[in-house]
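Residue numbers begin at 1 in each chain, while the letters A, B, ... track the order of the sequences.
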2 protein chains.
Amino acid sequence: MPERTPLTPPTPPPSGPKPRADAARNREAVLAAADRLFAEHDSPGTVTMADIAAAAGVGKATLFRGFGDRTGLIRALHETRLAPIRQAAEDGPPPLGPTTPPHERVPALLDALLCFKLDNRHLALALEGIGNDSPYAAGHYPHWHTTLRTALEQIPDLPTPDFTAHALLAATRADLVEHLTGHENLTREQLRSRLAEFTARVLGPPTETSDHRET
Amino acid sequence: MPERTPLTPPTPPPSGPKPRADAARNREAVLAAADRLFAEHDSPGTVTMADIAAAAGVGKATLFRGFGDRTGLIRALHETRLAPIRQAAEDGPPPLGPTTPPHERVPALLDALLCFKLDNRHLALALEGIGNDSPYAAGHYPHWHTTLRTALEQIPDLPTPDFTAHALLAATRADLVEHLTGHENLTREQLRSRLAEFTARVLGPPTETSDHRET
DNA sequence: GAGGTAAGCGGACCGCTGGTCCGTATCGTA
DNA sequence: TACGATACGGACCAGCGGTCCGCTTACCTC
C-alpha cells in the first residue's frame with residue numbers, strides 16, 4: 001500500500017465533492033473518443049491507450065487519472081451504454097420490468113442483452129476480453145445473474161435456477177455472438193429467434209401458477 | 001512474405017522429415033515446464049515466455065522456433081492433454097463414442113469436457129483467454145461443436161441443433177467453471193450434476209425413436 | 001573415427017504497451 | 001487580481017512478445 005496514492009483515486013463514478021469543469025469536459029471527450037475508436041477497429045486489442053488519448057486531445061495521464069486503468073475506462077464506457085437497459089430491468093414496465101411473469105420476462109431480458117451486444121459488438125468484446133475471469137469478476141455480471149436467477153426461481157420445477165441463469169447468460173457471450181454473426185453469417189433476427197427458442201426449451205411450457213397470462 | 005523464413009517454420013505438429021534429437025528433447029522440456037508453470041500460477045497471464053524458457057533451461061528463441069508464438073505453445077499443450085478424450089469421442093466405446101444414443105451421448109460429452117476443464121483449469125483458462133474470438137477462431141472448438149451438433153440432430157423436435165450445441169458448450173466455458181468453483185464454491189460433483197440437469201432439460205425426455213434404451 | 005554441413009541453439013536486442021512522475025497551466029474563489 | 005488547489009501533459013519507465021545472428025552440436029558420409 002503506497003503512503004499516499006500518487007495517482008488513481010479511481011473515480012469510478014465521478015462521485016464525491018465536485019469535479020473541476022475541465023476535468024468533466026475531458027472525461028466526456030475521452031469517453032467519446034474511446035467509443036469511436038473501439039467502434040472503428042474490429043479488434044479492441046488494436047486500440048491503445050495512447051491512441052485514445054490522442055484522439056481525445058488529452059495527455060495519457062488524464063486518461064489514467066480519470067479511469068484508473070484500461071479496464072476502468074472500458075467499464076465506464078460499457079456502463080454508460082448499458083444503463084438504460086439496466087434501469088428498464090430494475091423498475092421499468094413489462095416485458096423487462098420485475099412485474100412481468102417469468103416466462104415472459106426471462107426471454108425478454110436475454111433478448112435485450114443479446115441486442116445490446118449486437119448493437120455494441122466492440123464494447124462488449126472489449127469488456128469480456130480484458131483478462132481471465134473478466135466477465136464474472138466484477139461489474140455488471142452479478143447484477144444480471146441475480147436478476148435472471150430471481151425470475152427463474154419463480155418457475156416451478158426448474159431444478160437449478162442459479163446454474164441455469166449462468167448457462168443462459170453464457171449463451172449471450174460477446175465472442176459467441178461475434179462468431180455467430182461474423183463467421184456463421186447468422187442475421188440479427190435469426191440469432192434472436194435461435195436464442196428465444198433455446199430459452200423456451202429451457203424454461204419449459206408455462207403453467208397456471210407461474211404465469212398468469214394466456215400464451 | 002520473407003525471402004527465406006528466418007524463424008517460425010511453425011512446426012505445429014512435428015511433421016515432415018525428422019526432428020533432431022536435441023530439438024525433440026527441448027520440445028518436451030518446454031511442454032513440461034509450461035505445464036508446470038501454468039499449474040502453479042493462478043492466472044495464466046502471470047506466466048511469461050521468458051519464465052517458461054528459463055524453467056525449461058532453454059533460450060527464448062527455442063520456444064518460439066518450436067511453437068511459433070505463445071498461442072501455438074498453449075494450443076500444443078492443450079491438444080496433448082485433450083487428445084485422449086477427443087479420441088474417445090471420435091471412435092471409442094459408449095458413452096462417449098458415436099454409437100451411443102444421443103440422449104446419453106450428449107450429456108456424456110459435456111461431462112467429459114467439464115471434467116477436463118476441472119482437471120486442467122490453468123490450461124483451459126490459458127487457451128480461452130488468448131485473444132478475442134479465441135475459443136471459436138481455431139483449434140478444437142469446431143470439432144466439439146460438430147460432434148455435439150451431429151448428436152443433437154438425431155433428437156427429434158429439437159429446434160436448433162446448431163445453436164443449441166453452441167449454447168451447451170458455452171455452459172462449460174473455462175472462466176465460468178473457474179468462477180463457479182472458485183467464487184461460488186461449488187464442488188466438482190455439484191457442478192457436474194447441475195450441468196447434467198440443465199442438459200437434460202434442454203434435451204427433453206427421451207423418445208422411442210431417438211433413444212433405443214430404457215432409462 | 002574424422003570431417004563437413006546444416007539444423008538448432010541462446011541471449012542480446014527491438015518495438016510497443018500499459019502505467020507513472022513531476023514541472024506547469026488552469027480553474028475556482030476571495 | 002491574486003492565490004491555493006486541482007488537473008494537465010508528455011517524457012519516462014519496466015516488462016512483454018517476438019526476432020536476429022554468431023556460435024554450437026547432432027547427424028550423415030566416407
Could you give the CZ-to-C1' distance, from A/R25 to D/dT6, as a whole number of Å? 14 Å
Listed partners of A/Y141 passing ring pair (Phe, Tyr, Trp, His ring centres under 6.0 Å), at least two apart: A/Y136, A/H166
If you take atom types as modelled and just measure distance, does the side chain of B/R20 reach the base of C/dA7 with a donor-acceptor pair under 3.5 Å? yes
Establish, with yes or no, whether the OP1 or OP2 oxygen of C/dG10 is under 4.0 angstrom from a side-chain nitrogen or oxygen of B/T62. yes
Rounded to whole angstroms, how far apart are CZ on B/F64 and P on C/dA12? 16 Å
Non-neighbouring partners of A/D91 that pass side-chain hydrogen bond (donor to acceptor under 3.5 Å, both in side chains), sequence neighbours left out: A/Q87
Hey, which sits more toward the 5' end of DNA chain D by its nearest nucleotide, A/V58 or B/A21? A/V58
Taking only residues two or more places apart in sequence or in another chain, which ones pass side-chain hydrogen bond (donor to acceptor under 3.5 Å, both in side chains) with A/S193? none
Axis-to-axis angle across the helix from C/dG1-D/dC30 to C/dA30-D/dT1, five pairs each end, nearest 10 degrees, ~ 20°
So, does B/N26 get its side chain near the phosphate of C/dG8, meaning an N or O under 4.0 Å from OP1 or OP2? no
Does the side chain of B/T71 come within less than 4.5 Å of B/R75's, by heavy atoms? yes
When the distance from CD1 of A/I130 to P of C/dG18 is rounded to whole Å, what number comes out? 12 Å
Within the modelled atom types, does a donor on one side and an acceptor on the other bring the side chain of A/R65 and the base of D/dG9 under 3.5 Å apart? yes
Nearest whole angstrom, please: distance from the P of C/dT17 to the CG of A/D51. 7 Å
Expressed in angstrom and rounded to an integer, what is the separation of B/F67 atom CZ from C/dC9 atom P? 11 Å
Among the candidates D/dG9, C/dG10, D/dG18, find the nucleotide nearest to the side-chain atoms of B/D69. D/dG18
Between C/dT20, C/dG10, C/dG8, which one does the side chain of B/A23 approach most closely? C/dG8
Qualifying residue for salt bridge (charged side-chain N to carboxylate O under 4.0 Å, His left out) with B/E178, from B/R173, B/R121, B/K117: B/R121
Spacing of B/D22 atom CG relative to D/dT24 atom C1', expressed in whole Å: 10 Å
Of all residues at least two apart in sequence or in a different chain, which pass the side-chain hydrogen bond (donor to acceptor under 3.5 Å, both in side chains) check with B/E90? none
Who pairs with A/H143 by ring pair (Phe, Tyr, Trp, His ring centres under 6.0 Å), at least two apart in sequence or on another chain? none
Check the distance between D/dA14's C1' and A/K60's NZ and give it to me in whole angstrom. 12 Å
Select one nucleotide: of D/dA7, D/dG18, C/dG28, the one nearest the side-chain heavy atoms of B/R70. D/dG18
